[in-house]
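By convention in this document, chain letters (A, B, ...) are assigned in the order of the sequence lines, proteins followed by strands, and residues within each chain are numbered from 1.
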Amino acid sequence: MKINGVKGMNDILPAQVGRWQEIERVARDVFALHGYREVRTPVVEPYALYARGVGEATDIVNKEMYVFEDKGEEKLALRPEGTAGTVRAFIEHGAYVEGPQKWFYVGPMFRRERPQKGRYRQFHQLGVEAFGIAEPAIDVEQIAMVAELFRRLSVTASLQVNSVGDAACRPAYLEELRAWLRAHGGALCSDCRERTERNPLRVLDCKVPTCQPVLAEAPGLLERLCDGCRTHFDAVRQGLEDLGVPYRVNPRLVRGLDYYVRTAYEFTSDALGSQSAVVGGGRYDGLVETLGGPPTPGIGFGMGEERLALILEAAGRPVAENRPEVFLISADDVGRREVLRRAAALRRAGIACDLDARGGKLARQFKQAERVGARFAIVLGAAEAASGQAKLKDMATREETPVVLADLAGRLRPAAGA
RNA sequence: GUGAGUGUAGCUCAAUCGGUAGAGCACUGGACUGUGGAUCCGGGGGUCGUGGGUUCGAACCCCAUCACUCACCCCA
């Protein structure tokens with residue numbers, strides 16, 4: 001009986017994993033350059049963390065989360081996003097006493113949705129959270145950090161920013177919007193009428209053609225921001241302009257999680273099909289308090305690693321592979337012992353090398369050398385062991401040059417990072 | 001949760017009117033007794049997604065079912 005992987009949960013095979021490693025390496029570098037430090041939190045958290053943090057009414061919590069009872073003791077959930085768990089850890093360990101904190105995380109998230117291009121049940125996010133800074137400067141720095149990360153990866157994505165208001169101005173706006181939508185319900189699609197009650201901001205995003213002209217007349221939040229939100233938003237925009245980060249204001253941009261206030265932003269790419277967002281972020285000034293910590297402002301983003309990989313793939317970027325510098329080929333029984341000894345010595349010197357442990361015909365071993373992408377090959381047997389000399393063959397040019405075996409390590413290039 | 005499309009070798013795909021399954025790549029062996037990529041010759045590999053139905057006969061037609069893909073919804 002063949003057993004297949006779980007729907008929407010994918011294997012990342014060796015031929016592709018270089019893409020993930022490259023993304024993570026570049027991201028770690030960029031995060032570190034901006035003062036972010038890594039945090040690792042569990043993949044499982046109490047269900048209540050998400051119910052309270054992300055919001056009971058959100059799709060993520062009420063229909064997409066993997067929830068289970070731990071032997072009847074506690075209701076747990078596989079994390080559907082990274083912010084809630086990070087905030088939990090921030091509070092639990094009293095990190096707020098040490099002033100502003102900038103953290104990042106990398107890892108799998110789980111949502112039980114119907115899979116499609118760029119959307120999976122297990123997916124990977126790189127995310128950052130900055131705690132304790134209410135000033136718009138951190139919003140700007142964080143957004144610019146994403147831009148720098150994309151620049152280093154040669155990824156083009158477009159930035160949209162918005163302000164979703166805060167406790168001072170959003171509730172009043174939502175009521176005004178809801179009342180307006182109810183009054184115009186007759187002209188709207190059934191989805192919109194339903195969303196009017198559940199999530200009125202989403203209505204503005206409706207893609208049904210007949211709704212668009214109606215919604216164009218709807219009241220806009222940006223014109224109704226309170227002074228604090230307006231000042232903040234203006235400063236974010238000014239900061240982006242100062243840094244030369246191109247952006248577009250999208251008053252329809254809404255984040256799906258309840259905790260967002262003020263700044264909301266998204267980086268999108270047209271290489272992704274329908275799920276076009278590769279980064280989604282925003283400010284969550286009330287979340288730490290909601291989860292039992294002291295009032296602490298925060299802002300962060302989540303970046304979809306699969307989506308980033310899709311963009312790189314669509315751009316035709318090759319996958320970086322780790323290749324051995326040299327492949328040791330055995331010509332006879334003496335050679336079979338010799339290659340193991342020489343390989344051990346080379347590896348101690350930091351030189352990546354490989355051999356065909358099956359031994360066998362030279363032709364087969366050369367084929368294996370080619371398959372693993374070795375830059376050089378060297379044949380070792382009784383003759384080489386006796387003379388201490390061998391021929392180092394360049395696999396690309398097929399040229400052979402004599403080498404003294406004792407000097408072999410010096411002739412080859414140490415592996416990166418060795 | 002809803003809709004559409006697609007399921008044939010490890011991968012990408014053919015198979016005319018319904019006549020009992022093929023190619024390329026990959027793998028493997030040989031041509032080539034100390035040398036890989038090219039060329040040539042050979043070999044292994046199939047429950048035609050699964051179950052049922054129609055038919056003398058089904059990869060092909062019908063029904064059901066499962067899986068995958070894309071889209072809606074929502075989002076990274």
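Taking the six-membered ring where tryptophan is involved, the planes of A:His184 and A:Trp180 are essentially parallel, since the angle between them stays under 30° and well short of 60°. Ring geometry for A:Phe90 versus A:Phe131: interplanar angle under 30°, hence parallel rather than tilted (30 to 60°).
The stretch residues 259-280 of chain A touches RNA chain B through A:Gly273, A:Ser274, A:Gln275, A:Ala277, A:Val278, A:Val279, A:Gly280, each having a heavy atom within less than 4.0 Å of the strand. Residues of residues 38-49 of chain A that place a heavy atom closer than 4.0 Å to RNA chain B do not occur.
A:Gln142 is listed as a side-chain neighbour of A:Ile299, based on a closest heavy-atom distance under 4.5 Å.
Distance A:Glu399 CD to B:U35 P: 19 Å, rounded to the nearest Å. Rounded to a whole Å, the NZ atom of A:Lys117 is 23 Å from the P atom of B:A4.
Under the 4.0 Å criterion applied to side-chain N and carboxylate O atoms, A:Lys367 and A:Glu370 are not assigned as salt-bridge partners.
Looking at heavy-atom distances under 4.0 Å, A:Ala369 makes no contact with the nucleic acid at all. Among the protein residues, A:Glu400 comes within range of the nucleic acid bases, having at least one heavy atom under 4.0 Å from a base atom. Counting any heavy atom pair closer than 4.0 Å across all strands shown, A:Met395 reaches a base atom. Looking at heavy-atom distances under 4.0 Å, A:Ala377 makes no contact with the nucleic acid at all. A:Arg111 comes within contact range of at least one nucleobase, with a heavy-atom separation under 4.0 Å. Contacts of A:Tyr120 with the nucleic acid, taken as non-hydrogen atoms under 4.0 Å apart, include base atoms. Using a 4.0 Å heavy-atom distance criterion, A:Lys393 is classed as a base contact. A:Gln122 comes within 4.0 angstrom of no nucleic acid atom, judged by non-hydrogen atoms across all strands.
Of the candidates B:A71, B:C74, B:G36, B:G36 carries the atom nearest the A:Phe366 side chain, counting heavy atoms from C-beta on. Side chain of A:Glu370, nearest nucleotide from B:A71, B:G30, B:G37: B:G37. Closest to the side chain of A:Arg307, out of B:A76, B:U69, B:C73, is B:A76. Among B:A71, B:U69, B:C74, the nucleotide with an atom closest to any side-chain atom of A:Pro115 is B:U69. Among the nucleotides B:C73, B:G37, B:G1, the one closest to the side chain of A:Arg398 is B:G37. Relative to the side chain of A:Arg114, the nucleotides B:C72, B:G30, B:U28 differ in distance, and B:C72 lies closest.
Between A:Arg364 and A:Arg112, the residue anchored nearer the 5' end of RNA chain B, judged by the nucleotide with its closest heavy atom, is A:Arg112.
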(request) Could you summarise the pairing of RNA chain B as dot-bracket text, marking Watson-Crick and G-U pairs under 3.5 Å with ( ) or [ ] inside the strand and | across strands? (result) (((((((..((((.....[..)))).(((((.......))))).....(((((..]....))))))))))))....
